Amino acid sequence: MRAAAISMPKLDKMPGMFFSANPKELKGTGHSLLDDKTQKKRPKTFGMDMKAYLRSMIPHLESGMKSSKSRDILSTDEVMQWSQSLEKLLANQTGQDVFGNFLKSEFSEENIEFWLACEDYKKTESDLLHCKAEKIYKAFVHSDAAKQINIDFHTRESTAKKIKAPTPTCFDEAQKVIYTLMEKDSYPRFLKSDIYLNLLNDLQVNSLK
(Lines give C-alpha, C1' and ligand atoms only; values in the text may rest on other atoms or scores of the structure.)
Protein backbone atom coordinates (compact mmCIF):
# COMPACT_ATOMS: atom_id res chain seq x y z
CA MET A 1 0.00 0.00 0.00
CA ARG A 2 1.49 3.29 -1.03
CA ALA A 3 1.38 6.33 1.18
CA ALA A 4 -0.87 9.17 0.11
CA ALA A 5 0.78 11.87 -1.93
CA ILE A 6 1.47 15.06 -0.03
CA SER A 7 0.43 18.49 -1.15
CA MET A 8 3.84 20.09 -1.57
CA PRO A 9 4.68 21.04 -5.17
CA LYS A 10 7.07 18.80 -7.08
CA LEU A 11 9.60 19.67 -9.70
CA ASP A 12 8.35 19.88 -13.24
CA LYS A 13 8.45 16.41 -14.75
CA MET A 14 10.87 16.65 -17.62
CA PRO A 15 12.94 13.80 -19.00
CA GLY A 16 16.41 13.21 -17.62
CA MET A 17 19.44 12.21 -19.61
CA PHE A 18 18.88 8.48 -19.64
CA PHE A 19 15.14 7.95 -19.76
CA SER A 20 12.04 9.38 -21.37
CA ALA A 21 8.96 10.88 -19.78
CA ASN A 22 6.19 13.23 -20.73
CA PRO A 23 7.86 16.66 -20.71
CA LYS A 24 6.06 19.54 -19.08
CA GLU A 25 6.88 22.44 -21.31
CA LEU A 26 7.71 25.90 -20.11
CA LYS A 27 4.59 27.93 -20.55
CA GLY A 28 3.92 31.59 -19.95
CA THR A 29 3.93 32.94 -16.45
CA GLY A 30 1.94 31.94 -13.38
CA HIS A 31 3.14 28.83 -11.55
CA SER A 32 5.92 28.04 -13.99
CA LEU A 33 9.67 28.26 -14.21
CA LEU A 34 9.20 31.99 -14.71
CA ASP A 35 7.97 32.49 -11.14
CA ASP A 36 9.61 35.38 -9.33
CA LYS A 37 12.45 34.59 -6.96
CA THR A 38 10.31 35.83 -4.12
CA GLN A 39 8.58 32.46 -4.35
CA LYS A 40 11.71 30.93 -2.87
CA LYS A 41 10.66 31.91 0.64
CA ARG A 42 9.79 28.64 2.32
CA PRO A 43 6.92 28.13 4.77
CA LYS A 44 7.80 26.99 8.29
CA THR A 45 6.30 23.60 7.56
CA PHE A 46 8.80 22.88 4.76
CA GLY A 47 10.90 20.56 6.95
CA MET A 48 7.86 18.59 8.09
CA ASP A 49 6.59 18.31 4.52
CA MET A 50 9.97 17.04 3.41
CA LYS A 51 9.91 14.25 5.99
CA ALA A 52 6.44 13.23 4.90
CA TYR A 53 7.54 13.31 1.27
CA LEU A 54 10.48 11.02 1.90
CA ARG A 55 8.50 8.61 4.05
CA SER A 56 5.85 8.35 1.34
CA MET A 57 8.46 6.68 -0.84
CA ILE A 58 9.17 3.91 1.64
CA PRO A 59 7.14 0.68 1.38
CA HIS A 60 4.76 -0.14 4.21
CA LEU A 61 4.94 -3.77 5.20
CA GLU A 62 1.72 -4.10 7.13
CA SER A 63 -0.24 -7.21 8.08
CA GLY A 64 2.11 -9.36 6.01
CA MET A 65 1.06 -7.59 2.82
CA LYS A 66 3.61 -7.57 0.03
CA SER A 67 3.35 -4.97 -2.70
CA SER A 68 3.21 -6.28 -6.26
CA LYS A 69 4.24 -2.89 -7.58
CA SER A 70 7.77 -2.88 -6.27
CA ARG A 71 9.00 -0.78 -9.19
CA ASP A 72 6.98 2.14 -7.84
CA ILE A 73 8.85 1.98 -4.53
CA LEU A 74 12.42 2.95 -3.74
CA SER A 75 14.89 0.26 -2.79
CA THR A 76 17.95 0.63 -0.57
CA ASP A 77 20.26 -0.36 -3.44
CA GLU A 78 18.68 2.22 -5.71
CA VAL A 79 19.22 5.04 -3.23
CA MET A 80 22.76 3.88 -2.50
CA GLN A 81 23.54 4.13 -6.21
CA TRP A 82 22.78 7.83 -6.05
CA SER A 83 26.02 8.24 -4.09
CA GLN A 84 28.09 6.81 -6.95
CA SER A 85 27.75 9.87 -9.18
CA LEU A 86 25.54 12.85 -9.92
CA GLU A 87 24.91 11.23 -13.29
CA LYS A 88 23.26 8.22 -11.65
CA LEU A 89 21.28 10.44 -9.30
CA LEU A 90 19.86 12.52 -12.15
CA ALA A 91 19.15 9.43 -14.23
CA ASN A 92 16.57 8.43 -11.61
CA GLN A 93 13.23 10.27 -11.57
CA THR A 94 12.86 10.03 -7.79
CA GLY A 95 16.49 11.01 -7.43
CA GLN A 96 15.76 14.18 -9.38
CA ASP A 97 12.84 14.95 -7.07
CA VAL A 98 14.76 14.35 -3.83
CA PHE A 99 17.82 16.27 -5.04
CA GLY A 100 15.55 19.06 -6.26
CA ASN A 101 13.96 19.33 -2.83
CA PHE A 102 17.43 19.49 -1.28
CA LEU A 103 18.33 22.33 -3.66
CA LYS A 104 15.10 24.10 -2.68
CA SER A 105 16.24 23.96 0.95
CA GLU A 106 19.42 25.73 -0.19
CA PHE A 107 17.52 28.17 -2.41
CA SER A 108 19.32 26.97 -5.54
CA GLU A 109 16.67 24.87 -7.28
CA GLU A 110 17.13 26.93 -10.45
CA ASN A 111 20.17 24.78 -11.22
CA ILE A 112 18.34 21.48 -11.58
CA GLU A 113 15.34 23.21 -13.16
CA PHE A 114 17.61 24.67 -15.84
CA TRP A 115 19.39 21.34 -16.36
CA LEU A 116 16.05 19.54 -16.78
CA ALA A 117 14.77 22.28 -19.09
CA CYS A 118 17.86 21.75 -21.27
CA GLU A 119 17.28 18.00 -21.37
CA ASP A 120 13.71 18.61 -22.48
CA TYR A 121 14.82 21.24 -25.01
CA LYS A 122 17.13 18.77 -26.77
CA LYS A 123 14.09 16.65 -27.62
CA THR A 124 12.09 19.58 -29.02
CA GLU A 125 10.87 19.53 -32.60
CA SER A 126 12.75 21.92 -34.87
CA ASP A 127 9.79 24.23 -35.52
CA LEU A 128 9.40 24.82 -31.77
CA LEU A 129 13.07 25.40 -30.95
CA HIS A 130 12.99 29.19 -31.30
CA CYS A 131 10.01 29.68 -28.99
CA LYS A 132 11.28 27.32 -26.29
CA ALA A 133 14.85 28.63 -26.50
CA GLU A 134 13.64 32.16 -25.79
CA LYS A 135 11.60 30.99 -22.81
CA ILE A 136 14.52 29.11 -21.29
CA TYR A 137 16.86 32.03 -21.94
CA LYS A 138 14.50 34.55 -20.33
CA ALA A 139 13.79 32.27 -17.38
CA PHE A 140 17.36 31.30 -16.51
CA VAL A 141 20.12 32.90 -18.60
CA HIS A 142 19.22 36.56 -19.14
CA SER A 143 20.89 38.98 -16.72
CA ASP A 144 17.44 39.90 -15.40
CA ALA A 145 16.09 36.33 -15.34
CA ALA A 146 13.75 35.49 -12.47
CA LYS A 147 15.75 32.32 -11.79
CA GLN A 148 19.13 33.41 -13.08
CA ILE A 149 21.72 30.65 -13.09
CA ASN A 150 25.30 31.24 -11.98
CA ILE A 151 27.35 31.20 -15.19
CA ASP A 152 30.24 33.36 -16.35
CA PHE A 153 29.83 36.37 -18.63
CA HIS A 154 31.38 34.62 -21.64
CA THR A 155 28.96 31.68 -21.41
CA ARG A 156 26.00 34.00 -20.95
CA GLU A 157 26.93 36.07 -24.00
CA SER A 158 27.70 32.98 -26.08
CA THR A 159 24.32 31.46 -25.25
CA ALA A 160 22.55 34.72 -26.12
CA LYS A 161 24.11 34.61 -29.61
CA LYS A 162 23.30 30.94 -30.15
CA ILE A 163 19.57 31.26 -29.47
CA LYS A 164 19.22 33.77 -32.31
CA ALA A 165 19.55 30.77 -34.62
CA PRO A 166 18.64 28.00 -32.17
CA THR A 167 19.74 24.40 -32.51
CA PRO A 168 19.19 21.49 -30.08
CA THR A 169 22.68 22.11 -28.66
CA CYS A 170 22.60 25.88 -28.11
CA PHE A 171 22.34 25.51 -24.31
CA ASP A 172 24.97 22.76 -24.01
CA GLU A 173 27.76 25.08 -22.86
CA ALA A 174 25.67 26.66 -20.12
CA GLN A 175 24.20 23.30 -19.11
CA LYS A 176 27.69 21.84 -18.68
CA VAL A 177 28.69 24.74 -16.43
CA ILE A 178 25.64 24.21 -14.22
CA TYR A 179 26.12 20.43 -14.13
CA THR A 180 29.73 20.92 -12.98
CA LEU A 181 28.57 23.44 -10.37
CA MET A 182 26.05 20.96 -8.95
CA GLU A 183 28.57 18.11 -9.13
CA LYS A 184 31.31 19.99 -7.28
CA ASP A 185 29.19 22.03 -4.88
CA SER A 186 25.64 20.88 -4.14
CA TYR A 187 25.96 17.14 -4.77
CA PRO A 188 28.62 16.45 -2.08
CA ARG A 189 26.51 18.34 0.47
CA PHE A 190 23.43 16.41 -0.62
CA LEU A 191 25.16 13.10 0.17
CA LYS A 192 25.89 14.39 3.70
CA SER A 193 22.46 15.94 4.20
CA ASP A 194 19.70 14.74 6.52
CA ILE A 195 17.41 14.49 3.50
CA TYR A 196 19.57 11.81 1.89
CA LEU A 197 20.91 10.06 4.98
CA ASN A 198 17.52 9.81 6.70
CA LEU A 199 15.92 8.40 3.56
CA LEU A 200 18.67 5.81 3.20
CA ASN A 201 18.50 4.91 6.90
CA ASP A 202 14.71 4.52 6.83
CA LEU A 203 14.96 2.23 3.80
CA GLN A 204 17.66 0.11 5.45
CA VAL A 205 15.66 -0.20 8.68
CA ASN A 206 12.51 -1.05 6.73
CA SER A 207 14.32 -3.77 4.77
CA LEU A 208 15.16 -5.54 8.04
CA LYS A 209 11.51 -5.79 9.13
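Predicted model only: the values in this text are computed from it and were never measured.
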OG of S105 to CD1 of I195: how many Å apart, nearest 0.5 Å? 4.5 Å
Are D120 and K132 packed together at the side-chain level, in the sense that at least one heavy-atom pair is separated by less than 4.5 angstrom? yes
Closest contact, heavy atoms only, D144 versus Q148: N-NE2, 4.2 Å
How are the rings of Y196 and W82 set relative to one another: parallel (under 30°), tilted (30 to 60°) or perpendicular (over 60°)? tilted
Closest approach of L197 and K192, non-hydrogen atoms and distance? CD1-O, 3.5 Å
If you look at every heavy atom in M182 and P188, which pair is closest and at what distance? O-CD, 4.1 Å
Donor-acceptor side-chain pairing of T169 and D172 below 3.5 angstrom: no
Determine the minimum heavy-atom distance between I149 and R156, stating which atoms define it. O-NH2, 3.3 Å
Nearest 0.5 Å, please: how far is CG in L74 from CG in D77? 11.5 Å
Show your working on side-chain contact (heavy atoms from CB on, under 4.5 Å) between F114 and K147 and close with a plain yes or no. CA-CA 9 Å; F114 173 70; K147 292 191 175 185; over 6 Å; no
Do you know the tightest heavy-atom contact between L129 and P168? CD1-CD, 3.9 Å
Can you tell me how far the OG atom of S108 sits from the CD atom of E113, to the nearest 0.5 Å? 10.0 Å
Are more than 12 heavy atoms, taken from residues, nucleotides or ligands other than E125, located less than 6.0 Å from that residue's CD atom? no
Step by step, would you call Q96 with N92 a side-chain contact (heavy atoms from CB on, under 4.5 Å)? CA-CA 6 Å; Q96 289 179 17; N92 182 279; over 6 Å; no
Report yes or no: do E173 and T159 form a side-chain donor-acceptor pair below 3.5 Å? no
Pairwise side-chain contact, Q175 with K122, heavy-atom cut-off 4.5 Å (strictly under): yes
Just verifying a value: how many Å separate L89 CG and L191 CG, rounded to the nearest 0.5 Å? 8.0 Å
Can any side-chain N or O of N198 pair as donor or acceptor with the backbone N or O of D194 at less than 3.5 Å? yes
May I have the step-by-step check of side-chain contact (heavy atoms from CB on, under 4.5 Å) for E109 and F102, ending in yes or no? CA-CA 8 Å; E109 68 265 34; F102 169 73; over 6 Å; no
Short question: side chain of K123, backbone of E119 - any donor-acceptor pair under 3.5 Å? yes
Any donor-acceptor pair under 3.5 Å linking the side chain of T155 with the backbone of I151? no
Flag the pair Y121 / F171 as yes when their ring centroid distance falls below 6.0 Å, and as no otherwise. yes
Donor-acceptor pair, Y179 side chain versus L86 backbone, under 3.5 Å? no
Between E183 and Y187, what is the shortest heavy-atom contact and its length? O-CB, 3.8 Å
Given D97 and T94, is the side chain to side chain donor-acceptor pair (under 3.5 Å) satisfied, shown in steps? CA-CA 5 Å; D97 293 340; T94 305; 5.2 Å; no
Looking at CG of L90 and CG of L116, how far apart are the two atoms once the value is rounded to the nearest 0.5 Å? 7.0 Å
How long is the straight-line distance from CD1 of I136 back to SG of C170, given to the nearest 0.5 Å? 7.5 Å
